[in-house]
Structure formats: C-alpha cells, structure tokens
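Worksheet: one structure, shown below.
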Amino acid sequence: MKKVTILIFLSAMIMPACAQQQAGQWSIIPKVGLTLSKVSNDNFLVSLNGKGLDTVVNSKYKPGFVTGVDVQYQVNHLLACSLGLYYQQEGERFDDITFTDGGQPTEALGSHKLTLGYLAVPLMAHAYVAQGLAFSVGLQPAFLTNADGSYETSTITVDEDGHPTYSPPHDEEYDVKHICNSFNLSVPVGVSYEFQNVVLAARYNIPLTKTFKSSYGDGRNSTFLFTVGYRIGL
C-alpha cells in the first residue's frame, strides 16, 4: 500500500511538469545553441605546385552559434504556432592546404573560413504527436548582417635533412558582404522535446535562395541548428 501511495504521489508531481500547454496560452521561449553550416556546391580551384589549376577545395561544415527567442501560441492540444527572432551564424570552412615548389613545401594555408551572420525571423507550425514531442515546419526570412572571410598563412622552410619548419601564422581577414545576397529564405523543418519547461530542438533549414550574388556561384546555405530553451508562460 505504501508503494502505491508513493507512485501516486510521484505521478502527481511529474504530470504537471510534462503537461501539454493549454489551448489559448501564450509563452516566450529564449533559446541558445549551436549551428553547423556550409555553402552547398561551393569550392575554389588552387594550384598547389604552380603548374595549373590542379586541386579543388570543397566547402565543409563549420560550427557557429545561434541565440534568440520564440513567441508561441497554443492553438489546441495538437497544434501551436510561433514567431521567432534570432541571430545565427552560418558559413563554411575549407581544409588546410600546402603549396609546393619542386616537390618541397613552401607555404601552408589554414583555418580558412567564411562566417555569415543573419537576423532570422522563423514563422513555425508545431504538431504535437506525443507528450512534449513536436514536429515543426515553417518559413524563415533572414537578413544578412555581416560576411567575413579569414585564413592563416605560414611560410615553410625545409632543412638539409628534409625537416619542415613553419613560421608563425599570419592572419588575414576580408569583408565579402558585397558579394553576398542580403536576403535569404529557407524552410526550417525540425523536431523538439519539452520536459519541465526545458525545450530541446533540432532543425534543418532547407535553402530556397542563393548565398552569393549570381556572378559568384550557385551555392546555398545548408544549416543545422541545435538549441536549448526555457518556456515562460504569459
């Protein structure tokens, strides 16, 4: 009998913490998290040995951060909608490369990346399929705030024994905002789980527009977002 009483007490404690939001309820959800992004189909050609364009360097996923807030309205126990405002980093990175001359390394290029900052406004619909579990889809316009490229270079000298020595890296930064489209549109799709007002979410933004202006290629932002938030009822 004591065990049954304890179970009833625990159930009474847990159920309100996991309870679905009531129809007609408003809430705000501040969020922070991580982005993983690259620009699809983006690459550049480089001559590593001075004898022609012989190597293609492809875009890779680059980590960044995202922070913002959602305002959510619970339509009924199965459906909610939200409007958000986020600052999120997107962009890409490239593998390190080494230039050679006569078979000997002469220069290294590393930490090559492009960082794009966007002010994003996702409008989302959330379908609750189980307690606390929701699938989401929406439309997200985003506005470019900054676009910066950076890399490091080091000179390589090789001694008589063939051992390379790298000079201290030299940092280079450059602004590429002028070659990027200032407006980006995507379709975010994702899943979230909520427990005791803590909301864990993962999204992928399906790109609809190009990252760069037409003369600079057809690449599009491919971005994953992983966030944690806390629901505050209004």
Side-chain angles (χ1 to χ4, degrees), residues 32-68 84-100 106-124 138-155 167-190 203-227:
V32 65
L34 169 74
T35 63
L36 287 176
S37 62
K38 73 173 184 177
V39 181
S40 62
N41 302 318
D42 191 32
N43 56 57
F44 64 90
L45 300 175
V46 62
S47 175
L48 299 182
N49 56 17
K51 297 182 179 179
L53 299 174
D54 55 5
T55 299
V56 178
V57 183
N58 292 307
S59 174
K60 300 290 184 68
Y61 279 99
K62 180 186 78 69
F65 73 90
V66 56
T67 183
L85 180 63
Y86 290 84
Y87 175 79
Q88 60 191 50
Q89 281 187 341
E90 302 185 33
E92 59 188 342
R93 67 176 182 86
F94 299 94
D95 285 338
D96 297 348
I97 56 179
T98 301
F99 298 92
T100 63
T106 58
E107 186 179 19
L109 185 150
S111 300
H112 190 187
K113 60 186 178 181
L114 173 67
T115 301
L116 305 174
Y118 288 95
L119 191 64
V121 188
L123 177 62
M124 305 290 294
L139 188 66
Q140 177 177 283
F143 305 90
L144 185 69
T145 61
N146 59 281
D148 306 295
S150 62
Y151 61 87
E152 295 177 348
T153 58
S154 293
T155 301
S167 69
H170 178 68
D171 296 331
E172 294 284 350
E173 297 183 358
Y174 52 97
D175 188 344
V176 293
K177 192 173 181 180
H178 62 286
I179 71 170
C180 298
N181 286 317
S182 59
F183 178 77
N184 183 269
L185 188 64
S186 61
V187 175
V189 294
R203 291 181 187 173
Y204 176 70
N205 290 347
I206 302 171
L208 299 180
T209 54
K210 297 177 182 179
T211 304
F212 304 113
K213 295 179 180 178
S214 58
S215 58
Y216 293 92
D218 297 326
R220 303 184 183 211
N221 293 336
S222 174
T223 306
F224 294 91
L225 300 94
F226 307 93
T227 59

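Contacts of Asp96 classified as side chain to side chain donor-acceptor pair (under 3.5 Å), with partners at least two apart in sequence or in another chain: none. Scanning for side chain to side chain donor-acceptor pair (under 3.5 Å) contacts around Ser59 gives Glu92, with sequence neighbours left out. Residues passing the side chain to side chain donor-acceptor pair (under 3.5 Å) test with Asp218 are Lys210, sequence neighbours excluded. Remark: Ala142 pairs with Tyr118, Ala120, Asn184 by the side chain to side chain contact (heavy atoms under 4.5 Å, CB included) rule, at least two apart or across chains. Legend: residues meeting ring-ring contact (aromatic ring centres under 6.0 Å, His included) with Tyr151, ordered by chain and number and at least two apart, are His112. Scored by the salt bridge (Lys or Arg N to Asp or Glu O under 4.0 Å) test, Lys60 finds Asp95 as partners (sequence neighbours excluded). The side chain to side chain contact (heavy atoms under 4.5 Å, CB included) check on Ser182 picks up nothing, with sequence neighbours excluded. Among residues two or more places apart in sequence or in another chain, the side chain to side chain contact (heavy atoms under 4.5 Å, CB included) test is passed with Ser150 by Lys113, Glu173. Scored by the side chain to side chain donor-acceptor pair (under 3.5 Å) test, Thr211 finds Asn221 as partners (sequence neighbours excluded). Residues meeting the ring-ring contact (aromatic ring centres under 6.0 Å, His included) test with Tyr204, sequence neighbours left out: Phe224. Here Leu119 pairs with Leu85, Thr145 under the side chain to side chain contact (heavy atoms under 4.5 Å, CB included) rule; sequence neighbours left out.
Counting heavy atoms from C-beta outward, Gln89 and Thr115 have side chains that approach closer than 4.5 Å. When side chains are defined from C-beta on, Ser186 does not count as touching Arg220, because their heavy atoms never get closer than 4.5 Å.
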